[in-house]
2 protein chains.
Amino acid sequence: MSRWKPDARGRLEKAALELYNDKGFDATTVAEIAARAEVTERTFYRHFVDKREVLFQTNALADVLAHATATAAPLAPLEVIIHALTEAAPVFEERAELVRQRQAVIAANPELQERELAKLASLVSTLAHALRERGLDSTTAALAAEIGIAAFKVAFDRWINDPDQHTLAQHIRETLDATRHLTAPAEHAAATDDGSLPGQENVA
Amino acid sequence: MSRWKPDARGRLEKAALELYNDKGFDATTVAEIAARAEVTERTFYRHFVDKREVLFQTNALADVLAHATATAAPLAPLEVIIHALTEAAPVFEERAELVRQRQAVIAANPELQERELAKLASLVSTLAHALRERGLDSTTAALAAEIGIAAFKVAFDRWINDPDQHTLAQHIRETLDATRHLTAPAEHAAATDDGSLPGQENVA
DNA sequence: ACGGTGATGTCACGAACTGACATCACGGCT
DNA sequence: AGCCGTGATGTCAGTTCGTGACATCACCGT
């Protein structure tokens with residue numbers, strides 16, 4: 001028979017989630033998590049680089065974004081981003097309850113918010129890289145990626161706090177539409193319509 | 001005569017900067033900083049909430065942004081933001097050398113990058129609040145603030161890595177112009193086609 | 001049966017913070 | 001002048017995070 005109960009990592013994750021929810025992140029020690037998962041503290045650190053990382057297992061998202069960006073039809077950068085984010089939406093929508101719970105924990109703790117921002121920043125890098133692969137110049141790619149994730153933040157926030165009114169995908173679309181209205185409105189919009197496809201426009 | 005040398009905080013700040021630059025953030029202990037500043041470790045923590053915070057004394061920036069946003073002429077949101085960021089630019093330009101040095105330290109350490117993102121997020125809140133005060137609805141304000149800071153990130157990055165080609169203010173203006181091109185341009189199809197995303201069907 | 005491997009345990013430790021209490025120049029008040 | 005409150009600092013003890021080094025031992029392939 002096996003020397004240890006299987007899936008130590010899973011048990012740790014579950015224990016951590018429960019405790020963070022129950023007593024709050026700060027009041028939870030790694031020792032407690034380990035004890036509840038019936039492993040040692042050391043084992044916790046073998047599975048997660050730190051106490052926060054348990055909540056941020058989401059590399060799936062980066063993969064979806066990168067893939068969707070790479071395979072999207074030739075479109076203006078913002079359309080590509082809408083496409084990619086829309087593809088990614090189900091990752092959240094499929095486990096809305098868990099996501100909300102997780103978000104509540106994060107909302108209650110500044111350290112966790114920092115980590116979340118870091119994760120989002122890494123998504124920006126991923127997106128920007130994927131856009132560069134599509135031929136965008138580096139500044140445009142960086143800017144488009146930043147704006148995309150910025151819009152996602154707002155859309156996600158609205159989705160979390162606006163239970164079931166709309167899907168996340170709808171919020172994303174609405175938010176990016178709002179972005180267009182925000183940035184376009186006063187100016188005449190058609191000036192740059194020289195028929196070119198995705199923007200090779202340079203940042204003058 | 002006085003019991004202690006004056007300006008403990010200033011000495012701590014100086015000592016920390018030097019050590020972070022010299023041996024790196026990780027390799028520097030608070031004990032070392034305190035020793036060099038000729039105070040105790042405890043005193044360090046009385047002046048700075050943690051080891052990172054020494055590098056993020058920048059509440060001046062938030063004040064400038066909030067004030068400039070509040071007093072800007074009535075304009076489209078994005079114009080207000082351009083105005084505010086432009087007002088804030090001198091905060092950096094006036095001490096470009098120090099800013100570059102600081103940025104190098106931050107670039108070398110993920111923990112510091114996390115903190116920086118947190119500070120920027122707090123600027124987003126400040127900006128959004130100021131925009132709401134101007135009468136924008138909460139979602140538009142949040143979105144405009146996110147986009148403004150996103151553009152600022154890109155502009156700042158270009159400024160740091162593009163020594164003296166342009167001023168930060170120029171970069172900001174260029175970047176926000178690029179934002180307009182990114183979001184507005186040439187998407188004549190979008191006006192009538194609010195429906196399906198092209199290419200959606202064959203993206204796994 | 002044998003030896004290598006990988007997941008876990010054990011131990012020891014440094015370094016980041018924190019709470020509680022002590023000290024004592026300074027500045028104001030009487 | 002003398003007393004007193006205050007604020008900045010020191011001292012100390014303790015908790016928790018996170019890591020390196022080494023030990024254990026079921027499992028798996030040969």
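In what follows, every chain begins at residue 1, and chains take the letters A, B, ... in the order their sequences are listed.
- Computed from coordinates, the B/E41 CD to C/dT18 C1' distance equals 11 Å when rounded to whole Å.
- Rounded to whole angstrom, the span from the CG atom of B/D26 across to the P atom of D/dC17 amounts to 19 Å.
- Look at CD on A/E111: it is 11 Å from C1' on C/dC17, rounded to the nearest Å.
- The cationic atom of B/R9 (NZ for Lys, CZ for Arg) lies less than 6.0 Å from the six-membered ring centre of B/F48 and within 45° of the ring axis.
- Protein atom CZ of B/F44 is 9 Å distant from nucleotide atom P of C/dA16, rounded to whole Å.
- Between B/F92 and B/F152, the ring planes are tilted. Angles from 30° to 60° get that label.
- Per the geometry, CZ belonging to A/R9 stands 13 Å off C1' belonging to C/dA7, to the nearest Å.
- Listed nucleotides D/dT9, C/dG9, D/dC27 differ in distance to A/W4; the shortest reach to its side chain belongs to C/dG9.
- Of all nucleotides listed (D/dT9, C/dT8, D/dC17), C/dT8 comes nearest to the side chain of A/T43.
- A/R46 contributes a side-chain N or O that forms a donor-acceptor pair with the base of C/dG9 under 3.5 Å.
- Distances shown here put every side-chain N or O of A/Y45 at or beyond 4.0 Å from the OP1 or OP2 atom of D/dT19.
- A salt bridge is defined here as a Lys NZ or Arg NE, NH1 or NH2 lying under 4.0 Å from an Asp or Glu carboxylate O, and B/R180 with B/E79 meets this definition.
- Between the C1' atom of D/dC25 and the NZ atom of A/K5 lies a distance of 19 Å, rounded to the nearest Å.
- Using a 4.0 Å cut-off, no side-chain N or O of A/H47 falls inside it from OP1 or OP2 of C/dA7.
- Distance, B/R3 CZ to C/dT23 P: 10 Å, rounded to whole Å.
- Taking the ring axis of A/F56 as reference, the NZ or CZ atom of A/R102 stays within 45° of it and closer than 6.0 Å to the ring centre.
- With respect to A/K51, the side chain to side chain contact (heavy atoms under 4.5 Å, CB included) criterion is satisfied by exactly one of A/L112, A/T29, A/V30: A/V30.
- Of the candidate nucleotides D/dG18, C/dT8, C/dC17, C/dC17 has the atom lying nearest to any side-chain atom of B/D50.
- Atom CZ of A/F48 and atom P of C/dA7 are 14 Å apart (whole Å).
- Summary of the strand contacts: A/T29 and A/R42 both lie near DNA chain D, and taking for each the nucleotide with the nearest heavy atom, the more 5' one is attributed to A/T29.
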